Amino acid sequence: MQIHNIFPLTVCFDTLKISENERKKLIDNIKNLHKKSEPKHNPHSAWTGDVHGSEFLFNDPKFNNLTSLIALKIYEYLDLLSINTKMLDLYLQRSWATITNTNQNIKFHTHSQSHISFAYYLLKPADTGGIVFKSDDPQNEICKNIFVKDKVEKNLLTKTTAYNANEAYIDLKQDSVVIFPSKTRHSTSPNKSNEIRISISGDIVLMLKKSDGFEHLMPNFKHWKKLNKS
């Protein structure tokens, strides 16, 4: 039998190189942000800066080098998808850090307000957990909810493979960056070590430089008009 997989979800991974001196400065900065917001934080979940007043991390000049490194990878990702970036302006919409302590994780979610999302692992000791991608509508799902965990436990599915999985777990190493469509549902697995994991995430928006002849893509915000209540 021949197999032809179509309509892929493309998730890209790469490695960024920063100095240990830069790493220490960024970690110290993020820990200070975390400390300031700790009283508001739910101890059962990973701390995420985007909902604790620190959602524009890359506006801090300390992150300029990392911003440049990530930007190069974003453009490579778009080139892989054969998207003509010369016709686009890319904007880093939000950027924040996460700190995950022992047994903490981040639940499944999407970033529906943006187009491309990324996560960079600034500090990632062994066994601190990876990222999980989930499809709510697997293209191979011939019966509703046939590709869920309990179907394996009940032996309706004899094993989990790339053809019947609705989740994919990827355990990345320190300095890895992962890039994916923002609409993709994802979570993090629990930290099973006694050390912390620190990642830096961001959301990117694509806007046309010139929207003539395009109906559905986002026109550049330079031409938008703010509505005021009179």
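Given the structure is predicted, the values throughout are model-derived calculations rather than measurements.
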Tell me if a side-chain donor or acceptor on [X] pairs with a main-chain N or O of [Y] at a distance below 3.5 Å.
X: Asn32; Y: Asp28; value: yes
X: Asn228; Y: Ser230; value: no
X: Ser182; Y: Ser117; value: yes
X: His52; Y: Ser37; value: no

With Arg197, the side chain to side chain donor-acceptor pair (under 3.5 Å) member among Thr100, Asp127, Asn191
Thr100
Find the distance between [atom1] ([X]) and [atom2] ([Y]) and round it off to the nearest 0.5 Å.
X: Glu22; Y: Lys17; atom1: CD; atom2: NZ; result: 14.0 Å
X: Ile99; Y: Ile27; atom1: CD1; atom2: CD1; result: 9.5 Å
X: Ile196; Y: Lys124; atom1: CD1; atom2: NZ; result: 13.0 Å

Please state whether the rings of Phe133 and His186 are parallel, tilted or perpendicular, taking 30° and 60° as the class boundaries.
tilted
Using the rule given for side-chain contact (heavy atoms from CB on, under 4.5 Å), can you reason through Val178 versus Ile170, listing the C-alpha separation, both sets of side-chain angles and the distance that settles it, and then say yes or no?
CA-CA 10 Å; Val178 54; Ile170 303 168; over 6 Å; no
Before accepting this row, confirm whether a basic side-chain N of the pair Lys62/Asp60 lies closer than 4.0 Å to the acidic partner's carboxylate O.
yes
Carboxylate-amine/guanidinium contact Arg185 Asp137, below 4.0 Å:
no
Using ring centroids (six-membered ring only for Trp), state whether Tyr77 and Phe118 fall under 6.0 Å.
no
Between Trp47 and Ile198, does a side-chain contact (heavy atoms from CB on, under 4.5 Å) hold up when you go through it step by step?
CA-CA 10 Å; Trp47 177 84; Ile198 297 180; over 6 Å; no
